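Okay, structure first, notes after.
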Amino acid sequence: MAKTIQVFETNTDTGETRQVFVETNETKNKKQAKIEKYKNDLAKKQRRLKEYGAFVWLVYNCNDTLFDKIKPANLTRLIYLSTYLNYDGYIVDNSNLRAITRDQIKGILGIEEATFWRFWRECSKDYDIIFERNGKVFFNEVYFDKGKLPKTDDNVIKLYVDGIRSIYNSSSISSHKQLSYIFRIIPYVNRRYNIVCKNPFEIDLDKIDFMTLGEFCNIINYKKENINILKKDLLSAKIDGVGYMVTFLVQRFEAINTWRMIVNPKIYFAGTDYSEVYILSKF
């Protein structure tokens, strides 16, 4: 409630005196501080949006591994290919906005002919995610869309074009399998904090049920005896050669299988306040 003080104001022409209430300087300062904070927060969000750039919507089922019939390496390639999606639902070359044909995809992905056909078969026949029509390659909007928010019950996440392309283009073909782990786990990522967990819709940080790195291995069918290799692989992928793809929350002397993981929101994020992720872990 605004603080006011009572004063008496006299009209010098008529001699009339009336009672008025005016805000104190303290109240005015608080109001101004609140306005300035709002402006700063808005500017910060706009800077974040500009920094993160364009994105594609991915629709998924919560607490269910993503596209489990697609081989790990091909999942990474599918996510990467989706970054070429335009607002009309088909993939285009960003340099000239021309449609990318099916025959050109293997060049975009940087893979051999036989590898491409295995990729195409899995994504087009097993899941009907991509299909060809009139020389253009479309993405099924049930899974991927660009522009408008898909009609769904909140199970959507933003795939950031620049972040995904950065880690893909700086990685070898043989590392596509390792990159896939971070995409396979999307349905278990908290929508507010980007923490890998078992209750992704929880907004109270104290109530989040963290998924340990050991439990993460179970989800992605990874041998726990190789967990140190997994950690190394997850930390080796960099965004723009600098930022980590993931970071770990670790307490002193904790065994590696109990570590907890946060995904860099420059790769994907379901929320809007990036600062909440950065408070937990510096990328």
Side-chain angles (χ1 to χ4, degrees), residues 41 44-45 48-49 51-53 55-68 72 75-76 79 82 143-145 149-164 167 178-222 227 230-231 233-235 237-239 243-251 254-283:
D41 289 346
K44 188 182 292 185
K45 285 185 178 181
R48 287 291 189 198
L49 288 172
E51 177 186 354
Y52 284 51
F55 63 84
V56 174
W57 292 109
L58 169 67
V59 182
Y60 62 93
N61 292 321
C62 188
N63 288 332
D64 188 13
T65 50
L66 189 68
F67 301 134
D68 56 354
L75 175 61
T76 296
I79 296 292
S82 75
Y143 303 108
F144 293 89
D145 210 343
L149 180 66
K151 294 178 180 178
T152 180
D153 295 330
D154 295 326
N155 290 339
V156 294
I157 198 165
K158 297 182 286 290
L159 303 175
Y160 284 102
V161 172
D162 291 342
I164 290 171
I167 59 173
Q178 285 73 29
L179 287 179
S180 74
Y181 302 142
I182 210 65
F183 299 121
R184 190 78 79 187
I185 208 70
I186 282 176
Y188 296 89
V189 172
N190 186 270
R191 300 178 57 79
R192 185 167 182 171
Y193 301 105
N194 252 32
I195 296 168
V196 181
C197 66
K198 301 166 191 172
N199 49 347
F201 287 94
E202 179 58 60
I203 62 174
D204 186 339
L205 188 58
D206 293 329
K207 294 180 180 178
I208 290 180
D209 188 2
F210 286 84
M211 181 183 294
T212 66
L213 194 54
E215 292 169 328
F216 177 79
C217 287
N218 293 335
I219 295 293
I220 62 174
N221 296 317
Y222 194 94
I227 198 168
L230 174 64
K231 180 200 74 173
D233 288 339
L234 291 174
L235 293 176
K238 299 288 183 66
I239 300 175
Y244 285 107
M245 183 171 69
V246 302
T247 60
F248 296 100
L249 299 178
V250 185
Q251 293 183 0
E254 273 190 331
I256 186 172
N257 65 303
T258 65
W259 290 11
R260 295 154 303 253
M261 189 166 61
I262 300 179
V263 181
N264 194 324
K266 284 189 176 181
I267 300 175
Y268 55 70
F269 190 40
T272 56
D273 191 349
Y274 306 93
S275 64
E276 294 190 308
V277 182
Y278 281 82
I279 287 172
L280 295 171
S281 183
K282 301 293 183 183
F283 285 99

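Values below: all heavy atoms of this structure, side chains included; hydrogens, waters and symmetry mates excluded. Since the structure is predicted, the reported quantities are computational estimates derived from the model, not experimental observations.
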So which atom in [X] and which in [Y] form the shortest heavy-atom distance, rounded to 0.1 Å?
{"X": "Pro72", "Y": "Ser180", "answer": "O-CB, 2.9 Å"}
{"X": "Leu213", "Y": "Ile256", "answer": "CB-O, 3.6 Å"}
{"X": "Pro187", "Y": "Pro200", "answer": "O-CG, 3.7 Å"}
{"X": "Tyr160", "Y": "Pro265", "answer": "CD1-O, 3.3 Å"}
{"X": "Ile186", "Y": "Ile182", "answer": "CG1-O, 4.0 Å"}

Rounded distance [0.5 Å steps], [atom1] in [X] versus [atom2] in [Y]:
{"X": "Ile167", "Y": "Ile239", "atom1": "CD1", "atom2": "CD1", "value": "6.5 Å"}
{"X": "Tyr193", "Y": "Glu276", "atom1": "OH", "atom2": "CD", "value": "5.0 Å"}
{"X": "Asp145", "Y": "Ser82", "atom1": "CG", "atom2": "OG", "value": "11.0 Å"}
{"X": "Met261", "Y": "Thr247", "atom1": "CE", "atom2": "OG1", "value": "9.5 Å"}
{"X": "Leu230", "Y": "Tyr222", "atom1": "CG", "atom2": "OH", "value": "5.0 Å"}
{"X": "Ile267", "Y": "Asp162", "atom1": "CD1", "atom2": "CG", "value": "12.0 Å"}

- Task: Report yes or no: does Arg191 contribute a side-chain atom to a donor-acceptor pair with the main-chain N or O of Val156 at less than 3.5 Å?
- Result: yes

- Task: Report yes or no: does Asn194 contribute a side-chain atom to a donor-acceptor pair with the main-chain N or O of Val263 at less than 3.5 Å?
- Result: yes

- Item | Derivation and outcome, side chain to side chain contact (heavy atoms under 4.5 Å, CB included), residues Val56 and Ile164 | CA-CA 11 Å; Val56 174; Ile164 290 171; over 6 Å; no

- Message: Which residues pass the side chain to side chain donor-acceptor pair (under 3.5 Å) test with Asp68, not counting sequence neighbours?
- Response: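 Expected list: Tyr127.
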
- Query: Counting heavy atoms not belonging to Leu205, are there more than 12 under 6.0 Å from its CG?
  - Reply: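 Yes.
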
Is the shortest heavy-atom distance from the side chain of [X] to the side chain of [Y] under 4.5 Å?
{"X": "Ile219", "Y": "Val196", "result": "no"}
{"X": "Met245", "Y": "Leu234", "result": "yes"}
{"X": "Asn155", "Y": "Phe201", "result": "yes"}

- Message: Pair Ile157, Leu159 - check side chain to side chain contact (heavy atoms under 4.5 Å, CB included), show working.
- Response: CA-CA 6 Å; Ile157 198 165; Leu159 303 175; 4.3 Å; yes

- Message: Could you work out, with salt bridge (charged side-chain N to carboxylate O under 4.0 Å, His left out) as the rule, every residue matching Glu215, not counting sequence neighbours?
- Response: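 Partners of Glu215 by the salt bridge (charged side-chain N to carboxylate O under 4.0 Å, His left out) criterion, ordered by chain and then number, come out as Lys198.
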
- Message: Going by the rule salt bridge (charged side-chain N to carboxylate O under 4.0 Å, His left out), which residues pair with Arg260 if we only count those two or more places apart in sequence or in a different chain?
- Response: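 Applying salt bridge (charged side-chain N to carboxylate O under 4.0 Å, His left out) to Arg260 gives Glu254.
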
- Query: For Glu202, what residues pass the side chain to side chain contact (heavy atoms under 4.5 Å, CB included) criterion, not counting sequence neighbours?
  - Reply: Asn190, Asn199, Asp204, Lys207, Ile208

- Residues which pass side chain to side chain contact (heavy atoms under 4.5 Å, CB included) with Asn221, listed by chain and number, not counting sequence neighbours: none

- Item | Geometric class of the Phe67/Tyr143 ring pair [parallel <30°, tilted 30-60°, perpendicular >60°] | perpendicular

- Please identify each residue that fulfils ring-ring contact (aromatic ring centres under 6.0 Å, His included) with Phe183, with sequence neighbours left out.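 Result, ring-ring contact (aromatic ring centres under 6.0 Å, His included) vs Phe183: none returned.
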
- Message: Tyr181 vs Phe216, test: side chain to side chain contact (heavy atoms under 4.5 Å, CB included). Steps then yes/no.
- Response: CA-CA 9 Å; Tyr181 302 142; Phe216 177 79; 4.0 Å; yes

- Message: Cation-pi check for Tyr268 against Lys158: NZ or CZ below 6.0 Å from the six-membered ring centre and within 45 degrees of the axis, yes or no?
- Response: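 No; the conditions do not both hold, so Lys158 does not lie above the ring face of Tyr268.
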
